[in-house]
Structure formats: C-alpha cells, structure tokens
Amino acid sequence: MQETGSGGSEQHEPEELPEFQDLKVRGRSLRTWGLSAGAVLLAISAAFGGLKKAGDETPQVDAGTAIDAGQFEVTIQRVVTVKDLKPLFTPDDGGALIGVVTKLKVTDDTGTTPPPDLIRLIGVPGVKDTDPPLGTTNLRDATMNPVLTPDAAEDVAYVWKLPNANQLPTEIKLTVQGYQHEDESILDHHEKWLPDAIVADSTVKVKDNTK
Amino acid sequence: MSRRKLLNAGLTLAVLVAIVGLYRLTPTQKDIQDPTAVKGIPGRVVHTPRFDLTVDDVRAGKKLRIPRSTPDRDSLTAFVVVDATVTANREPMHIFDVRIRSADGVTYLGANRSGLDQVDLTGTEFAPDIPVRGSFVIEMPTDKVPGATLLVMEKSMLNDLEPQVTVPLGDDPPAVEDVVSLTAASDT
C-alpha cells in the first residue's frame, strides 16, 4: 500500500467546479454579463464623444494666418535661409542659418520674452525635431530674446543652424506650441503658462537669401 | 443636566468658531510667496534693506536715443524712461526686475533693446554707498502711464517675500517727446 503524505482525505473529493464557460452568476452566463457591461460603458462614453476619434488632429495652418497659442497670437510670416546674422548668430563653417519669421503678440496681460519652445522644425536635414532654436531676435534692432509688450505684435525671428549651405531645404514643416495658463499648483501659487498641446502644423516654402 | 447640555453646545460652537477663525487668519500660500511691497513716492528715497531708490523723473518718447549707439530705436508703443538714483546698502548688486503695472492691471517689463544694458540701470553694478544716477526704460503705451505703478526688485526669480519698491507714477500723463535721450548711468 502506498503511503499518502497528505493525510489521506482524498476519498471525499470536493464537488467539481463548473467549467469557466458554464459559470453562471444570478442565472446568466459571464459572457452575457460582460457584453452588457461593455454596452453600458459604451453608452456612457457617448456623452464624451463615444467612438469618435479622440482629440482633433492638429490643424494645418498656412503662413500668414494667425494662430492662437494661448499666451500668444502667432503668425508665421516667412522662412528664410541666410549666410549669417552677425553679430547675434553665426553658422558653423560651410553651414547656413534658417530663420522662421513670426509676428508674435502677447495676448496675456503680462509682458514676456519669446519662449524657446514655441516653434520646432520637423524633418529638416541637420536639425532634430526636438532641437530648440539657437535664439530669437526682433527684426527691429537685432535684440536677442526681446521683451514683448502685451498687445503689440512684434516681428520676431526664430533662428537655427543648418550644417550644409549647399543643401538647403526648399520647403519645411514646423509645429507651433500652445500654452495653458496655470493659476496655482499644489506646491506654489505662482501664476504661469505651461506648454500644452501643439496648436498648429504649418508647411512653409523657404526663401533662399544665402546668395 | 440641561445646563450641562447647554454648556456642551456652547463649547462646541466656540470651538467651531475658533477653527473657522484660525483658518481665516492663517497665511495662505499666496501670502507667504508674494513680494513685500515697500511703498514710496516720486522724489523721495525708498529704503529697502539691500538698496535705496529714488524716482527723480518720468519721461516718454516715441523713439529712444541710446548713447554711443545708432540709430534711434523705434517702438510699436512708446518708451517710458524712469530717471532714478540707486544706492546699494550692503554689497555690490544688480537690479534685474523692473516693471510698470498699469491701472487696468497690465504689466510691462523693462525693455532689453540691444545696447540698452550698456547704459541703463539694469546693466549697472551698484557698489555699496555709492549712489548711481541713471534710467530704467519700459516700452508701453503712454496713455497707460496715468495711475500706473513702478515695481522694482533686485532679482527676477526666486524672490518670494523680498522687498519690492512700489512707486505710483501719478495721474498725469508724461509729455511725449519725439526722441527721448538716455544718459548713461554714472556715479553722482
């Protein structure tokens, strides 16, 4: 006779549990319950847009159209490539500079300087999509990172370096960052504008001013 | 017994009132972060622990003439020039945060036009006990000057509770010249 180490109570086997498919709760199968729960959730979600694609796609905005970026009203005016912008910006040897000229109006009630993350170049050879500009300047008197007056639309250029002056893009894509006003956080009470969603994509022809 | 109940009710009420009262009296986050206003008037010295400031004059112009720099700078609005005298009290220091808040709540920051920091007071290092006369320049519409307030602080960041010189600029609009000239900041 074999010894069983577990007490030998095997004779009274417990009642066999039903298979998962056959499991019933209050007389209805789990499958029915699951489907009903799904239908109810879907019905509730209808209030928030249901199965519609979440979030609108970033609007394509042409140059010359004002874009509402929260803290600013941004109008992309033109994109130019230049040999240099002395004394503020100088490219590397054999390189060039690309400038995105914007009309930038502070719509907030406090003046500020152009935020470096406002514009990003997308898919430009030699510039990563995440690269911040070399800097910003006004066109009026070559002031680096100029203070902007609320409600006065100033011409401001965002400038990047391009590595090769012989391979200049003829058309570029760029994104415009939106900002959201933050009254206070859990930690402090400083009012501030924080980056929110990208508010616009724009495809702009590049004017070649290097020659 | 009923007297005891009355006493209990009274005490409960007193504790509740005390809780609400204390909550109202406790400083909020905003109270312990905002700068501490040090009020002054034009023509009089305003004392703060680290510097003294006197607003001598307020001028305005459509264009700004910066010494040793051409051409005259133009603006979408106007240049408001605040002539002032600053004396550091303890150690060499700079003044980085200058702004004017208009009566309708719009805040204009000190201008940073190219070449301006060579001559204005924000580009000057103040040595202790040596008064320096010069100017702050703010770009703003001149019709917003009446009722506006000049706000001056040493630092522009991490300045919770630091003194902020607050000088009302009066109710009269400044005379607007075609070109307002700056004089480079210098010891008096």
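Protein chains get the first letters and strands the later ones, always in sequence-line order, with residue 1 at the start of each.
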Closest approach of I172(A) to L174(A) (non-hydrogen atoms, all atoms of both residues):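 That closest heavy-atom pairing would be CD1-CD2, 4.0 Å.
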Please determine whether a side-chain nitrogen of the Lys or Arg among [X] and [Y] lies less than 4.0 Å from a carboxylate oxygen of the Asp or Glu.
| X | Y | value |
| --- | --- | --- |
| K161(A) | D92(A) | yes |
| K205(A) | E171(A) | yes |
| D74(B) | K63(B) | no |
| E91(B) | R50(B) | yes |
| K62(B) | E177(B) | no |

Chain B contacts, top residue of V147(A), T137(A), L148(A), N145(A) (heavy-atom pairs, under 4.5 Å): V147(A)
Pick from M140(B), E139(B), R113(B) with the largest number of heavy-atom pairs that fall under 4.5 Å of chain A: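 Between M140(B), E139(B), R113(B), the count favours R113(B).
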Side chains of T90(A) and D84(A), donor plus acceptor under 3.5 Å: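 Short answer, no.
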H47(B): partners by ring-ring contact (aromatic ring centres under 6.0 Å, His included), with sequence neighbours left out: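 So H47(B) forms no ring-ring contact (aromatic ring centres under 6.0 Å, His included) with any residue.
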Proximity of residues 95-118 of chain A to chain B, residues having a non-hydrogen atom under 4.5 angstrom: D109(A), T110(A), G111(A), T112(A)
Heavy-atom contact with chain A under 4.5 Å, split by part of S102(B):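 No part of S102(B) comes within 4.5 Å of chain A.
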Region of A152(A) in contact with chain B, defined by heavy-atom distances below 4.5 Å: both
N138(A) versus chain B, the contacting section by heavy-atom distance below 4.5 Å: side chain
